[in-house]
Amino acid sequence: MTTTYANLIDGEMVTTSGTFEVVNPANEEVVGLVPSCGKDELDRAVAAARRAFRTWKKTSAEERQKVVMGISAAIKDNADELFRLLTTEQGKPHQQAQQEIYGAAGLAAAQSGLKLDDVINQDDDTRLSRTRRVPVGVVGGIVPWNFPVMMAIQKIVPALISGCTIVLKPSPFTPLTTLRIAELIKDVVPAGTVNIITGPDELGPMITEHPDIDKITFTGSTATGKKIMEGAAGDLKRITLELGGNDASIVLPDADVEAVAQQLFWSSFSNAGQICVAAKRIYIHEDIYDHLSKAIAEYAKTVVVGDGSQQGTGVGPIQNKKQFDRVCELIQDAKDNGYQFLTGGDVDPSGTGYYVPITILDNPPEDARIVAEEQFGPVMPLMKFGSVEEAIERANNSEYGLAGAVWTKDTDKGVEIAEQLETGTVWINEFLHISPLAPFGGHKQSGIGAEYGIDGLKEFTYPQVITVKRDAEV
């Protein structure tokens with residue numbers, strides 16, 4: 001029997017007469033029914049958040065921290081149930097699902113202690129001037145399907161810590177684990193502070209344009225981010241946009257081929273390549289290109305693609321049919337243009353489940369779609385370069401600027417290169433490490449604003465300057 005899930009509105013679990021199906025991408029079976037919310041449910045959730053904001057904004061940092069730690073505990077205490085449900089709806093292997101669930105609990109705990117202290121601007125005989133941070137108000141959060149739990153928590157927690165309340169919309173492809181968490185935290189968070197509602201894509205623009213929502217925080221594609229920016233412009237909503245990336249890795253000739261081959265593989269193929277900061281273009285110095293490309297391709301053959309719930313699976317399916325079709329289209333384009341494959345490339349679109357074999361291309365040109373566009377799937381182009389200057393220029397030749405990496409034994413040289421890359425994050429000799437205490441955001445068309453750390457927390461606040469004139473005659 002298929003489980004029917006409920007939304008969290010004003011402290012209560014709420015169902016609707018209309019529902020929609022959630023499908024397991026590994027076998028295309030329906031695994032849950034969730035409410036299909038529209039304007040009425042959204043208005044109710046926003047009104048609850050507005051009422052709760054009047055009280056929540058006056059709470060102390062200690063009270064807010066206690067609530068957020070309660071969210072962390074609820075996730076951690078139910079991790080076994082949650083990671084299995086996450087694999088069922090998202091497709092990622094159990095081990096990676098565990099990492100997301102425990103990572104979300106850890107993120108909440110780490111950020112619970114963040115605090116925006118007042119800043120003294122002037123303190124002398126004439127006046128005292130200080131800047132305080134005040135919460136924006138009601139936040140609308142829109143979450144993608146690749147890391148649905150982590151992305152939900154990274155929007156809920158800073159909203160609460162800053163004194164805001166939130167109405168959160170999970171992706172219609174992956175709402176189940178988030179709704180189960182909503183059930184677990186219903187009595188942890190004060191009524192109305194966190195509202196979680198589900199609906200079709202049309203619900204997103206309703207949130208963006210709602211007159212009583214003060215800020216939008218969105219993670220997803222650049223194309224959708226532009227539409228959200230347009231929708232929020234009507235009443236000058238504050239926005240945080242974490243958008244697409246076409247992240248480049250640069251491998252210098254001194255890199256240890258055997259040591260980095262597996263790391264480069266997983267930098268691209270973790271979560272079936274469905275990570276905004278996955279390595280999507282790998283530039284390898286010509287001196288080691290043949291050796292390293294062969295080592296990566298050979299390792300790829302040892303990794304099992306399959307159902308994430310099955311032991312031994314390393315790469316799961318693409319999460320949804322729309323993205324599966326897009327990845328297949330990019331692979332077919334590479335074939336049509338005669339590009340060479342080191343492994344993979346043969347997709348059976350008639351099979352059950354959205355499976356794409358691990359696909360690695362051998363030195364396609366810079367103008368190939370597989371290089372110029374964000375793949376967001378288990379497809380990776382490897383390219384040769386001759387000089388460091390050339391590699392930097394090619395890496396920066398993108399409308400995106402989310403993240404990048406440099407691989408070298410000479411870390412000073414790595415930092416020198418990193419400082420020339422036009423991205424918000426650059427790793428030296430590692431990948432996919434994002435600290436909850438350091439800002440994360442994109443340059444160029446990879447986004448606006450930042451998440452995580454104090455910089456991310458500030459995104460949910462306004463600065464307010466209060467100045468007291470001393471010895472004033474009134």
Taking all non-hydrogen atoms of both residues, which atom of Asp307 and which atom of Thr313 are closest, and how far apart? O-OG1, 2.8 Å
Where is the tightest heavy-atom contact between Ile282 and Ser268, given as atom of each residue plus distance? CD1-OG, 3.8 Å
Can you see whether Tyr354 has Lys321 sitting over its ring - NZ or CZ less than 6.0 Å from the centre and within 45° of the normal? no
Check for me whether Lys155 meets the cation-pi criterion with Phe218, that is, NZ or CZ under 6.0 Å from the six-membered ring centre and within 45 degrees of the ring axis. no
Side chain [X], main chain [Y], donor-acceptor under 3.5 Å:
{"X": "Asp254", "Y": "Lys409", "answer": "yes"}
{"X": "Glu451", "Y": "Pro439", "answer": "no"}
{"X": "Ser446", "Y": "Gly244", "answer": "yes"}
{"X": "Asn24", "Y": "Glu89", "answer": "no"}
{"X": "Asn320", "Y": "Gln323", "answer": "yes"}
{"X": "Asn246", "Y": "Tyr400", "answer": "no"}
{"X": "Lys237", "Y": "Thr208", "answer": "yes"}
{"X": "Thr359", "Y": "Val379", "answer": "no"}
{"X": "Asn337", "Y": "Tyr339", "answer": "no"}

Distance check, rounded to the nearest 0.5 Å: [X] atom [atom1] versus [Y] atom [atom2]?
{"X": "Lys169", "Y": "Cys37", "atom1": "NZ", "atom2": "SG", "value": "10.5 Å"}
{"X": "Lys280", "Y": "Asp247", "atom1": "NZ", "atom2": "CG", "value": "4.0 Å"}
{"X": "Ile275", "Y": "Leu432", "atom1": "CD1", "atom2": "CG", "value": "5.0 Å"}
{"X": "Ile101", "Y": "Gln96", "atom1": "CD1", "atom2": "CD", "value": "13.0 Å"}
{"X": "Leu437", "Y": "Ile434", "atom1": "CG", "atom2": "CD1", "value": "13.0 Å"}
{"X": "Gln420", "Y": "Glu393", "atom1": "CD", "atom2": "CD", "value": "11.5 Å"}

[X] atom [atom1], neighbour heavy-atom count above 12 within 6.0 Å:
{"X": "Gln340", "atom1": "CD", "result": "no"}
{"X": "Lys444", "atom1": "NZ", "result": "yes"}
{"X": "Glu28", "atom1": "CD", "result": "yes"}
{"X": "Glu366", "atom1": "CD", "result": "yes"}
{"X": "Glu430", "atom1": "CD", "result": "yes"}

Could you tell me how the ring of His94 sits relative to the ring of Phe83: parallel (under 30°), tilted (30 to 60°) or perpendicular (over 60°)? perpendicular
How are the rings of His285 and Phe385 set relative to one another: parallel (under 30°), tilted (30 to 60°) or perpendicular (over 60°)? perpendicular
Is [X] salt-bridged to [Y], going by a charged N under 4.0 Å from an acidic O?
{"X": "Lys294", "Y": "Asp290", "result": "no"}
{"X": "Glu459", "Y": "Arg238", "result": "no"}
{"X": "Lys335", "Y": "Asp346", "result": "yes"}

Consider only side-chain N and O atoms of [X] and [Y], and report whether a donor and an acceptor are under 3.5 Å apart.
{"X": "Tyr289", "Y": "Asp362", "value": "yes"}
{"X": "Thr16", "Y": "Glu41", "value": "no"}
{"X": "Lys226", "Y": "Gln445", "value": "yes"}

Using ring centroids (six-membered ring only for Trp), state whether Tyr299 and Phe265 fall under 6.0 Å. yes
In Ile75, Leu82, Ile71, the residue satisfying side chain to side chain contact (heavy atoms under 4.5 Å, CB included) with Leu184 is Leu82
Given Leu168, which of Ile156, Val139, Thr217, Leu8 fulfils the side chain to side chain contact (heavy atoms under 4.5 Å, CB included) condition? Ile156
Intermediate values then yes/no, side chain to side chain donor-acceptor pair (under 3.5 Å), Asn7 and Thr198: CA-CA 7 Å; Asn7 286 179; Thr198 52; 3.1 Å; yes
